[in-house]
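Structure first, then comments.
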2 protein chains.
Amino acid sequence: MANFKENSTNQFNKRLVTTKCPVTFIVNKMGNRWKPLVIRELFSGTKRYGELKKAIPAVTEKMLIQTLKELEADGIINRKAMPVVPPHVEYSLTVSGKDLEPVINEMVKWSLKYNTH
Amino acid sequence: MANFKENSTNQFNKRLVTTKCPVTFIVNKMGNRWKPLVIRELFSGTKRYGELKKAIPAVTEKMLIQTLKELEADGIINRKAMPVVPPHVEYSLTVSGKDLEPVINEMVKWSLKYNTH
DNA sequence: ACAAGTACTTACCTAAAAGTATGTATCATG
DNA sequence: CATGATACATACTTTTAGGTAAGTACTTGT
């Protein structure tokens with residue numbers, strides 16, 4: 001019965017790298033599967049939940065909500081819920097979210113140059 | 001017994017996002033836990049395997065090798081093995097690897113601005 | 001009474017990423 | 001003949017990101 005201590009090491013390393021490496025820091029904020037697509041949608045302005053869902057058909061509701069919650073918790077998007085029924089919720093980029101544009105532009109430039117599909 | 005087809009969906013979505021989203025494309029190439037650290041070391045010039053290991057103490061040999069293999073397979077680094085004993089292997093950035101510098105600079109800029117540890 | 005519409009929520013599950021522990025090849029040197 | 005030095009390799013294990021399936025809340029319209 002091997003005495004595994006992987007859990008602590010894994011979490012320790014994750015935290016270590018996230019706090020010490022700025023690249024990993026930003027990747028954690030916007031590098032998951034659906035985050036870039038959501039951010040991209042919001043670059044063109046405020047969107048409702050249903051609009052985001054329609055714009056990104058492959059994402060499940062669970063993953064979309066989860067993605068939105070994380071982006072909100074990280075201060076990248078704003079969530080504005082209208083107290084009406086049926087519900088009406090609007091998502092938009094915060095200042096730091098809009099500030100991702102030059103970063104993403106550089107990333108896209110590199111990808112277009114080196115992705116020879 | 002639920003008829004799970006997650007595997008195919010997961011892989012399908014991964015492929016979909018990687019091919020359609022340039023941000024995900026580049027994140028897949030250099031966004032794993034240890035890749036940015038290795039790339040950063042190589043920005044300052046060619047390094048031996050042992051030097052990389054010493055410069056990044058937290059990484060295990062397995063993960064370092066795996067990281068180097070992937071970076072090599074993706075054309076981001078070069079591996080030059082000298083046929084001597086004990087072995088002498090040198091790693092360096094390729095053109096596309098060096099081309100990551102402006103991208104990484106933008107990423108670092110954003111992180112330093114918004115990481116209020 | 002019940003369906004429609006919108007934005008979620010939750011319990012459960014799988015595959016992929018990361019980590020552990022240990023072993024390998026080769027030659028020079030003491 | 002065993003040890004050191006260097007750069008890996010491999011079998012196994014855990015954590016986590018992502019996915020499935022199904023349900024909830026609230027009100028208006030029929």
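Order of the sequence lines fixes the chain letters, A, B, ..., with proteins taken first and strands second; residue numbering starts at 1 for each chain. These values consider heavy atoms only, across backbone and side chains, with no hydrogens, waters or symmetry-generated copies.
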Expressed as a whole number of angstroms, how long is the span from [X]:[atom1] to [N]:[atom2]?
X: A/Glu70; N: D/dA17; atom1: CD; atom2: P; result: 8 Å
X: B/Leu68; N: D/dA9; atom1: CG; atom2: P; result: 11 Å
X: A/Leu64; N: D/dG18; atom1: CG; atom2: P; result: 13 Å
X: B/Gln66; N: D/dC12; atom1: CD; atom2: C1'; result: 14 Å
X: A/Phe12; N: C/dA18; atom1: CZ; atom2: P; result: 17 Å
X: B/Ile56; N: D/dA7; atom1: CD1; atom2: P; result: 14 Å
X: B/Asn32; N: D/dA17; atom1: CG; atom2: C1'; result: 13 Å
X: A/Tyr49; N: C/dT9; atom1: OH; atom2: P; result: 10 Å

Under 4.0 Å between a side-chain N/O of [X] and OP1 or OP2 of [N], yes or no?
X: B/Asn13; N: D/dG18; result: no
X: B/Thr60; N: C/dA18; result: no
X: A/Gln11; N: D/dT16; result: yes
X: A/Lys69; N: C/dT9; result: yes
X: B/Arg33; N: C/dG19; result: yes
X: B/Lys14; N: C/dA17; result: yes
X: A/Asn10; N: D/dT14; result: no
X: B/Tyr91; N: D/dC8; result: yes

[X] has a side chain; which of [options] sits nearest to it?
X: A/Arg48; options: C/dT9, C/dA7, C/dA18; value: C/dA7
X: B/Glu61; options: D/dC8, D/dG19, D/dA11; value: D/dC8
X: B/Val85; options: C/dA7, D/dG19, C/dT26; value: C/dT26
X: A/Ile65; options: C/dT9, C/dG5, D/dC8; value: C/dT9
X: A/Thr9; options: D/dA21, C/dG19, D/dC8; value: C/dG19
X: B/Pro86; options: D/dA5, C/dA18, C/dC8; value: D/dA5
X: A/Arg79; options: D/dG19, C/dC8, C/dA17; value: C/dC8

Can you check whether B/Lys29 reaches A/Trp110 side chain to side chain, under 4.5 Å on heavy atoms?
-> yes

Beyond-backbone contact of B/Ile104 with B/Phe43, side-chain heavy atoms, under 4.5 angstrom = yes

A/Lys109 atom NZ: more than 12 heavy-atom contacts under 6.0 Å | no

Report the C-alpha separation of B/Ile76 and B/Lys35 in whole Å, then their side-chain angles, then the decisive distance to 0.1 Å, and conclude whether the side-chain contact (heavy atoms from CB on, under 4.5 Å) test is met.
-> CA-CA 10 Å; B/Ile76 291 178; B/Lys35 282 179 184 176; over 6 Å; no

A/Pro87 vs B/Glu51, nearer the 5' end of DNA chain D by closest nucleotide | B/Glu51

At under 4.0 Å between heavy atoms, what does A/Lys53 touch on the DNA or RNA strands: base, sugar-phosphate, or nothing?
-> nothing

Find which nucleotide of DNA chain C each of B/Met63 and A/Gly50 is nearest to by heavy atoms, and output the residue with the more 5' nucleotide.
-> A/Gly50

Of A/His88 and B/Val59, the one whose nearest nucleotide on DNA chain C sits closer to the 5' end is A/His88

Kindly indicate, with the supporting measurements, whether the criterion side-chain contact (heavy atoms from CB on, under 4.5 Å) is fulfilled by A/Asn13 and A/Leu16.
-> CA-CA 5 Å; A/Asn13 279 345; A/Leu16 176 81; 4.2 Å; yes

Treat each ILVMFWY residue as a node, draw an edge where side-chain heavy atoms are under 4.5 Å apart, and state whether A/Val95 and B/Met107 are in one component.
-> yes

Determine the sole option in B/Glu61, B/Arg79, B/His88 for which the side chain to side chain donor-acceptor pair (under 3.5 Å) test with B/Tyr49 is passed.
-> B/Glu61

